[in-house]
K.L.:
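A single structure is presented below for examination.
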Amino acid sequence: MGSSSNAVDALTKVLPEESSYSFDENIDLRTDVTDTNFESSCFVAGGGKQLLVAKARLMEDESATSWTQWVKGTASNEVSIQSLTPFTAGDTAVSSSRFAAVFVPCTSAGKAPGGQYNLSVSTELKQEGNTNDAAARDELIKLAKNAASYAHVKAKCDMAPNLGGTS
């Protein structure tokens with residue numbers, strides 16, 4: 001999920017209060033810039049429940065409308081993607097009080113087969129905390145940007161992520 005100081009602050013604000021939390025991270029790194037496979041995920045659990053999921057995946061560049069439809073299909077809960085509104089980050093980005101996703105430029109055309117590749121990064125809150133919807137949306141955006149910044153480095157991207165600050 002990226003910088004631990006940024007992530008801890010946002011997680012503290014958005015997650016339901018539990019006596020302890022566990023984190024499980026999985027990452028499939030690219031071997032070099034011509035490799036088109038990169039995926040990472042981070043699962044946050046507490047109180048015997050999955051509380052939040054952050055995912056990143058390298059994929060071919062596509063239109064904002066097409067990507068938004070695709071990323072909505074990755075949400076595990078229909079409620080999470082209701083009332084998605086755009087925010088400024090990457091090539092395109094959308095969020096609600098339970099879901100935030102950003103499509104970030106990664107590999108420029110000509111480096112990997114198929115043209116330009118972007119990272120699709122999302123965070124989904126599975127269990128609501130004690131914060132209001134506007135604050136939850138803001139914190140999920142911070143988490144998505146932080147995760148995108150982290151994935152951008154791990155995926156060996158050569159293009160600017162255009163995240164507009166990750167704190």
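Index from 1, following the sequence. Because the structure is a prediction, the values reported are computed rather than measured.
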K.L.:
Does a donor on one side chain sit under 3.5 Å from an acceptor on the other, for Thr107 and Arg30?
P.N.:
yes
K.L.:
With heavy-atom distances below 4.5 Å as the criterion, would you say the side chains of Val44 and Leu15 are in contact?
P.N.:
yes
K.L.:
Between Asn146 (side chain) and Lys142 (backbone), is there a donor-acceptor pair under 3.5 Å?
P.N.:
no
K.L.:
I'd like to check Phe43 versus Glu25 (side-chain heavy atoms, cut-off strictly below 4.5 Å). Are they in contact?
P.N.:
no
K.L.:
We want to know whether Glu39 and Asn37 form a side-chain donor-acceptor pair, criterion being a heavy-atom distance below 3.5 angstrom.
P.N.:
no
K.L.:
Once ring-ring contact (aromatic ring centres under 6.0 Å, His included) is applied, do any residues pair with Phe99, and if so which ones, sequence neighbours excluded?
P.N.:
none
K.L.:
Could you tell me the separation between the CG atom of Asn118 and the SG atom of Cys106, rounded to the nearest 0.5 Å?
P.N.:
7.5 Å
K.L.:
Decide whether Leu11 and Leu140 are clustered together by the hydrophobic rule: side chain heavy atoms of Ile, Leu, Val, Met, Phe, Trp, Tyr closer than 4.5 Å, transitively.
P.N.:
yes
K.L.:
Heavy atoms only: give me the nearest Ala160-His152 pair and the separation to one decimal.
P.N.:
C-NE2, 4.1 Å
K.L.:
Would you name the heavy atoms of Thr36 and Ala112 that are closest together and state the gap between them?
P.N.:
CG2-CB, 3.8 Å
K.L.:
The test is side-chain contact (heavy atoms from CB on, under 4.5 Å); show your working for Leu52 and Leu125 and say whether it passes.
P.N.:
CA-CA 5 Å; Leu52 184 131; Leu125 185 61; 4.1 Å; yes
K.L.:
Looking only at side-chain N and O atoms, does Arg137 offer a donor or acceptor that is under 3.5 Å from a partner on Ser95?
P.N.:
yes
K.L.:
Carefully, step by step, assess Arg57 and Asp28 under the rule side-chain contact (heavy atoms from CB on, under 4.5 Å).
P.N.:
CA-CA 9 Å; Arg57 177 180 177 188; Asp28 180 15; over 6 Å; no
K.L.:
Under 4.5 Å between any side-chain heavy atoms of Val14 and Leu143, yes or no?
P.N.:
yes
K.L.:
With a 4.5 Å cut-off on side-chain heavy atoms, are Ser96 and Arg98 touching?
P.N.:
yes
K.L.:
Do Thr131 and Glu139 come within less than 4.5 Å of each other through their side chains, counting heavy atoms only?
P.N.:
no
K.L.:
Apply side-chain contact (heavy atoms from CB on, under 4.5 Å) to the pair Tyr117 and Met159, showing each step before the final yes or no.
P.N.:
CA-CA 10 Å; Tyr117 279 76; Met159 299 176 73; over 6 Å; no
K.L.:
List the steps and the verdict of side-chain contact (heavy atoms from CB on, under 4.5 Å) for Asp61 and Phe103.
P.N.:
CA-CA 9 Å; Asp61 185 31; Phe103 202 39; 3.7 Å; yes
K.L.:
Do the side chains of Thr68 and Val94 get nearer than 4.5 Å, heavy atoms only?
P.N.:
yes
K.L.:
In Å, rounded to the nearest 0.5 Å, how long is the span from CZ of Phe23 to SG of Cys42?
P.N.:
6.5 Å
K.L.:
Between CG of Asp158 and OG of Ser108, what distance do you get to the nearest 0.5 Å?
P.N.:
3.5 Å
K.L.:
Are Met59 and Phe38 grouped together when hydrophobic residues (ILVMFWY) are joined by side-chain heavy atoms under 4.5 angstrom apart?
P.N.:
no
K.L.:
Suppose the criterion is disulfide bond (SG atoms under 2.5 Å apart): which pairs have a residue in residues 60-93, not counting sequence neighbours?
P.N.:
none
K.L.:
Are Leu29 and Leu58 connected into the same hydrophobic cluster when the rule is that any two of I, L, V, M, F, W, Y join if their side-chain heavy atoms are below 4.5 Å apart?
P.N.:
yes
K.L.:
So, taking the atom named OH in Tyr150 and the one named OG in Ser40, what distance separates them when rounded to the nearest 0.5 Å?
P.N.:
7.0 Å
K.L.:
Counting only heavy atoms from other residues, nucleotides and ligands, does the tally under 6.0 Å from NZ of Lys154 exceed 12?
P.N.:
no
K.L.:
Do Trp67 and Thr92 get their side chains close enough for a donor-acceptor pair, meaning under 3.5 Å?
P.N.:
no
K.L.:
Can you name the nearest heavy-atom pair linking Pro105 to Asn162, along with the distance?
P.N.:
CG-ND2, 4.0 Å
K.L.:
Same cluster for Val79 and Leu51 if Ile/Leu/Val/Met/Phe/Trp/Tyr side chains link at under 4.5 Å?
P.N.:
no
K.L.:
Taking atom CG as the centre, does Asp24 end up with more than 12 heavy-atom neighbours from other residues, nucleotides or ligands that are less than 6.0 angstrom away?
P.N.:
yes
K.L.:
Measure the shortest side-chain to side-chain distance between Asp91 and Gln116 over non-hydrogen atoms and say whether it is less than 4.5 angstrom.
P.N.:
yes
K.L.:
Drop me the distance from Glu124's CD to Gln50's CD, to the nearest 0.5 angstrom.
P.N.:
9.0 Å
K.L.:
Quick check: closest heavy atoms across Ala144 and Val102, and the distance to 0.1 Å?
P.N.:
O-CG1, 4.2 Å
K.L.:
To the nearest 0.5 Å, how far apart are OG in Ser76 and NZ in Lys55?
P.N.:
7.0 Å
K.L.:
Considering only heavy atoms from C-beta outward, does the side chain of Lys126 approach that of Val53 to under 4.5 Å?
P.N.:
yes
